[in-house]
S.K.: 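My questions all concern the structure below.
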Amino acid sequence: MSSTTVRVEDNILFCSDSYKVAHHKQYPSGTTKVYSYFESRGGKFPSVVFYGLQYIIKRWLIGQVVTKEKIQAAKELYQAHFPPNQDIFNEEGWTYILEKHGGCLPIVIKAVPEGTVVPCKNVLFTVENTDPKCFWLTNYLETLFVQVWYPSTVATNSRAQKEVIAKYLIETADSVDGLPFKLHDFGYRGATCVEAAGIGGSAHLVNFKGTDTIAATLFARRYYGCPMAGYSIPAAEHSTITTWGKEGETKAFKNMLDQFPNGPVACVSDSYDIWNACEKVWGEDLHDEVVSREGILVVRPDSGDPPEVVCRVLRILGMTAKKIVP
């Protein structure tokens with residue numbers, strides 16, 4: 001089988017840095033065990049929320065991940081990738097794993113529970129080979145394991161934001177019960193790919209329950225056994241409002257109330273004039289419908305300087321009804 005027919009996302013032999021392909025030749029003679037650990041060396045925060053290892057294990061490392069076809073594909077690729085006449089690729093080692101272990105990787109991984117808040121510069125997980133002939137395998141997999149930095153970083157940042165939100169909820173609100181829904185993830189469109197959206201989006205769900213990143217809910221279901229990790233509500237976007245025309249904005253808003261007569265609903269309200277929308281449309285024209293409706297209306301300002309806009313919207317809506325919230 002040609003290497004061009006084995007995709008990188010299907011072949012564990014391709015999931016490493018190039019220089020690691022030749023590392024099996026560089027260990028001292030007689031090496032039988034390599035024991036490695038992963039830590040957060042530090043950064044913006046004193047602790048890290050550990051998350052994402054289970055995905056890596058389930059996606060890449062469980063079961064038979066080495067086959068004859070994958071070995072051949074790697075052999076062909078590395079022959080072209082490295083200088084000629086240098087026996088770089090460890091075909092013998094990978095063939096041994098296939099024949100001796102049925103293509104399963106002879107390693108053991110030990111880790112703290114995911115979601116744990118761990119002070120930086122502490123071990124998060126360890127990896128070691130269980131077959132003395134496969135000492136080279138431990139650090140061959142480092143490239144893949146280190147990718148846990150991304151979901152852990154997202155989870156850590158998300159938790160830090162949750163702490164800030166909680167602090168001000170305690171100071172200004174009647175309850176912190178709604179905290180899990182105070183930072184909604186709309187990051188799907190900003191991710192580099194669908195898989196990244198699932199990884200990063202699910203990391204956010206370690207701390208919060210609100211998300212519009214559908215990939216994150218599917219990711220959490222597949223790799224973490226969570227039937228539904230995140231929730232959303234009916235919400236408008238500018239196109240569903242502006243297609244009614246400027247003169248039809250009130251009808252567009254009323255349509256949202258009519259189409260979704262109960263439960264929470266969000267309506268973007270800055271298509272033309274956010275101040276008029278809050279004071280005149282929501283505050284007068286549709287006031288009675290909003291107040292009598294069973295469920296919260298979320299009025300969403302979507303442009304301008306957040307401190308100025310949000311505070312002014314709050315003041316305007318505060319003059320109308322407590323059930324209208326920004």
S.K.: Report the residues that fulfil side chain to side chain donor-acceptor pair (under 3.5 Å) with Ser36, sequence neighbours left out, ordered by chain and then residue number.
M.R.: Asn139
S.K.: With a 4.0 Å cut-off, would you call Arg300 and Asp302 a salt bridge?
M.R.: yes
S.K.: Relative to each other, are the rings of Phe253 and Trp282 parallel, tilted or perpendicular (30° and 60° limits)?
M.R.: parallel
S.K.: So, for Val49 and Thr156, which heavy atoms are closest and what is the spacing to 0.1 Å?
M.R.: N-OG1, 2.8 Å
S.K.: Does Leu183 reach the side chain of His204, with side-chain heavy atoms less than 4.5 Å apart?
M.R.: yes
S.K.: Would you call Arg293-Glu289 a salt bridge at under 4.0 Å N-O?
M.R.: no
S.K.: Carefully, step by step, assess Glu195 and Tyr55 under the rule side-chain hydrogen bond (donor to acceptor under 3.5 Å, both in side chains).
M.R.: CA-CA 11 Å; Glu195 187 171 21; Tyr55 151 69; 2.3 Å; yes
S.K.: Does Tyr224 form a ring-ring contact (aromatic ring centres under 6.0 Å, His included) with Tyr51? I'd like the steps, not just the answer.
M.R.: CA-CA 11 Å; Tyr224 287 87; Tyr51 175 74; 5.0 Å; yes
S.K.: For Asn129, enumerate each residue passing the side-chain contact (heavy atoms from CB on, under 4.5 Å) test, keeping only those at least two apart in sequence or located in another chain.
M.R.: Lys33, Val34, Phe135, Thr138
S.K.: Check the orientation of Phe145 and Phe125. Use parallel for under 30°, tilted for 30 to 60°, and perpendicular for over 60°.
M.R.: tilted
S.K.: Would you kindly say whether Tyr96 and Asp131 are connected by a side-chain donor-acceptor distance under 3.5 Å?
M.R.: yes
S.K.: Sequence neighbours excluded, which residues qualify as side-chain contact (heavy atoms from CB on, under 4.5 Å) partners of Leu205?
M.R.: Thr211, Ala216, Ala229
S.K.: Which residues satisfy the side chain to side chain donor-acceptor pair (under 3.5 Å) test with Glu171, sequence neighbours excluded?
M.R.: Lys167
S.K.: Would you call the rings of Tyr78 and Phe89 parallel, tilted or perpendicular, where under 30° means parallel and over 60° means perpendicular?
M.R.: tilted
S.K.: Rounded to the nearest 0.5 Å, what separates atom CD1 in Ile71 from atom CD in Glu92?
M.R.: 11.5 Å
S.K.: Output all residues satisfying side chain to side chain donor-acceptor pair (under 3.5 Å) with Asn255, sequence neighbours left out; order by chain, then residue number.
M.R.: Gln259
S.K.: Would Asn90 and His23 count as a side-chain hydrogen bond (donor to acceptor under 3.5 Å, both in side chains) if you check the C-alpha gap in whole Å, the side-chain angles of each, and the deciding distance to 0.1 Å?
M.R.: CA-CA 9 Å; Asn90 189 11; His23 284 181; over 6 Å; no
S.K.: For the atom pair SG (Cys278) and CD1 (Ile316), what is the distance rounded to the nearest 0.5 Å?
M.R.: 5.5 Å
S.K.: Among pairs that include at least one residue of residues 250-263, which meet salt bridge (charged side-chain N to carboxylate O under 4.0 Å, His left out), considering only residues two or more places apart or in two chains?
M.R.: Lys254-Asp258
S.K.: For the CD atom on Glu247, are there more than 12 heavy atoms of other groups (residues, nucleotides or ligands in this structure) within a distance under 6.0 Å?
M.R.: no
